[in-house]
Each structure stands twice: as C-alpha cells, then as structure tokens.
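As structure tokens, the structure follows; a few thoughts come after it.
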Number of protein chains: 2
Amino acid sequence: MSDALSAIARFSRYQSDDAQSAEALHCPVRDVLDRIGDKWSILMVMTLATRPHRFGELHRAIRDISKRMLTQTLRDLERDGLITRQVFPTKPPSVEYCLSPLGQSLLDPMASLIDWADRRYSDIHAARVRFDGAPCDVPRE
Amino acid sequence: MSDALSAIARFSRYQSDDAQSAEALHCPVRDVLDRIGDKWSILMVMTLATRPHRFGELHRAIRDISKRMLTQTLRDLERDGLITRQVFPTKPPSVEYCLSPLGQSLLDPMASLIDWADRRYSDIHAARVRFDGAPCDVPRE
DNA sequence: TAGGGTAGGTCTCATATAAAGACCTTAGAC
DNA sequence: GTCTAAGGTCTTTATATGAGACCTACCCTA
C-alpha cells in the first residue's frame, strides 16, 4: 500500500497545476496508459506472452477483432517497442510478431491487474446489480 | 514472472474456443479492463486515492475532462462499486466522492502499472522516435 | 490456362463512443 | 434584479471502431 501511494504521489506531480498550465498532455503516465488502455492492446500482449504468433493466428486467437484493428494495434505496439515484427520470405510471405524485452517487462504489472480483475469480478458484478436494481431507493439528489 | 504467467494462463482460459463460441464478451477480465481502461477512470481513482473530492475539486484536479465525461465516469465507477457518492444537504447541495474498499484494493495493481509506465517511458519514447524516423530503413514487406 | 486457395494486409463506408460547450436549477450575496 | 456557485443535463460535432470488399503474388489443380 505504501508502494501504491508513492507511485500515486509521483503520478500526481505530473498532474500539478504548473505542469498542466503548459501541457497536461505530456504526462508520461497518461501517454502510456492511454495507448495500452485501448480496446485490444492488453489482449494482444497477453496473447503474445506465451509464444510468438503470426497474423492469422492472432486473428483466430482474438476472434472478435477486425483485421483493420488487428493491423493498427500491432503497428502501434510495434511503434512503442513492445513487440517486434519479423517478415519471412516465404511465398506468400509470412509475418511473425513477438514480444520484445520491453513488452515482457509489462507482463508483471499487467498480470497483477488481471489478477485483481479476476478475483474482484464477483464484487463488481454484485455492485452493478445493486446499482441497476435500486435506482430509486437511493435517489440521485 | 511465474505469477504473471499463471495469471495469463487463467486469462487465456476465458479466451478459449469453447468460451468464445458462446459469448466471448462475458470474459470477466475483459469486462473489467474495458471499463477501467477508458480514458478517465484510472486518473479519477488515482485522484481519489489520497482523499475524497467534491465534483468541482475533481474538475479542477483533472482540468481537461469535460463535465459530461466527469459525470459519466463517476457514475460508472459508482455503479461498479469502486467509489461512493454522498450528497450533503447544503444549499446548493454538495456531493462528495470517495474510494470504497473495493476501489482501494485496486490501488496496488494500478500503482504497479503506473510505476512501469513511469520507468519505461523513456524507452517507449525512444522506440517511437526510431519507428517514426526510419519508416523506410525497415520496409514494411 | 482459367480458376481457386493462401497470407497479410489496405480501402471505403457505416456506426458507436467521446468531447465541447451551451444551458438549467436553486439559493445566498451585492 | 443580477451575480456567482455547485452539480449537473442536452445538443452537436469529432474521433474510434467495425464490417467487409478488395489487392498482390505465388502455387496448385484440372
């Protein structure tokens, strides 16, 4: 918990007024989290965690992603140095994506979040049912 | 790292074919991460980590959020049981938001992610510069 | 030699989600 | 009266995502 608070404190500095007055957008933490916080990035990193995948394999592993978003997410992750892209000169050419060392370093923090989500899901679900079921017992104002 | 892999394995089960054939959408992990992975949730939880805030305080703390998204994100977090909302019958009424125990339990995993983002930002930034600067040295195909 | 399959995409167009910013209500202070 | 303040809602516009047709280059088959 003290760890958490110190990270939070560090993060808060970026949010301070002085920093914001110029450009709030350059907060590194927000920059990074906004990127990997999109709909597919975490899913893709998790899928690549066990072994490298080819384009088609990824598409089969994550069935409900469109090719367009698959391509775009892979490009973004590659740009951020989290994955590497290797083309093999087969006919037709095949492409293999795998996690870079930087990407691997993300696994531990990501896993702790997934672990939390998995263990707390029942609480969250219960809270939702409570909230949706009793919208009038606790009036808004 | 073994922790990471076991969490990943657990997560992968949800992604398996059998699960997907019915409804991939009911993966608890994706459900939770999609929600707190939006643009403002993490920022808001972090802001509430130190102390409770009123609506206006939050708006000042996170300057570039619109009132609409502030309201909506707060509702969503409340619905998920991560924060609590308390109305004081002042004139005009004031409202205080604070982290619930469930919300507090999120701080540790969230902090480890923030810590990662903060420490690895320079690597990521360097990777971006490299990628953007040399789009032809490593041709796409 | 015309057709079909395969790998890894790109392109266009439709829809879903987010953001900006005007507006609302109630009440006390000037 | 009209200014401000808190905590919102509503409408319009921008951005992100999705579906799915199409492309290229090669091989195989009949």
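We name chains A, B, ... by the order of the sequence lines, and we start the count at 1 in each one.
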- request: Using atom CG of A/Asp34 as one end and atom P of D/dA16 as the other, report the distance to the nearest whole Å.
  value: 11 Å

- request: Choose from D/dA19, C/dA7, D/dC10 the nucleotide whose nearest atom is closest to any side-chain atom of A/Arg54.
  value: C/dA7

field: Which nucleotide in D/dA6, C/dA19, D/dA19 has an atom nearest any side-chain atom of B/Ser94
entry: D/dA6

message: Checking contacts here: which listed nucleotide (C/dG8, D/dT17, C/dA7) is nearest the side-chain heavy atoms of A/Pro92?
response: C/dA7

query: According to a strict under-4.0 Å criterion, is A/Arg68 in side-chain N/O contact with OP1 or OP2 of C/dT12?
result: no

query: Side chain of A/Thr71: nearest nucleotide among D/dA6, C/dT10, D/dG18?
result: C/dT10

- request: Find the distance A/Ile62:CD1 to D/dT17:P and express it as a whole number of Å.
  value: 14 Å

query: B/His53 has an atom NE2; how far is it from atom P of D/dG7, in whole Å?
result: 13 Å

query: Using 4.0 Å as the upper bound for N to carboxylate O, is an ion pair formed by A/Asp64 and A/Lys39?
result: no

- request: Verify the distance criterion only: is there a donor paired with an acceptor across the side chains of B/Ser41 and B/Asp38 at less than 3.5 Å?
  value: yes

- prompt: Just by distance, with hydrogens left out, do B/Thr84 and B/Ser100 show a side-chain donor and acceptor under 3.5 Å apart?
  reply: no

task: Mind calculating the distance between CG (B/Leu74) and C1' (D/dT9) to the nearest angstrom?
output: 15 Å

message: Rounding to an integer number of Å, can you tell me how far B/Arg35 CZ sits from C/dT17 P?
response: 13 Å

- prompt: Base, sugar-phosphate alone, or nothing: which one does A/Tyr97 contact when heavy atoms must sit under 4.0 Å apart?
  reply: sugar-phosphate

query: When all nucleic acid strands are considered with a 4.0 Å heavy-atom cut-off, which category describes B/Lys67: base, sugar-phosphate, or nothing?
result: base

- prompt: Between the main-chain N or O of A/Ile65 and the side-chain N or O of A/His59, is there a donor-acceptor pair closer than 3.5 Å?
  reply: yes

query: Given atom CD1 of B/Ile65 and atom C1' of D/dG8, what is their separation to the nearest angstrom?
result: 13 Å

task: Take atom CZ of B/Phe55 and atom C1' of C/dC24, then tell me their distance rounded to the nearest Å.
output: 14 Å

- prompt: D/dG7 P sits how many Å from B/Gln72 CD, rounded?
  reply: 19 Å

statement: Side-chain contact check for A/Val95: nearest option of D/dA19, D/dA6, C/dG9 is C/dG9

- line: Side-chain atoms of A/Lys39 come closest, of C/dA20, D/dG18, C/dA7, to D/dG18

query: When rounded to the nearest 0.5 angstrom, what distance separates CG in B/Asp34 from CD1 in A/Ile42?
result: 8.5 Å

- prompt: If you check the A/Trp40 side chain, which of D/dT17, C/dG9, D/dG8 turns out closest?
  reply: D/dT17

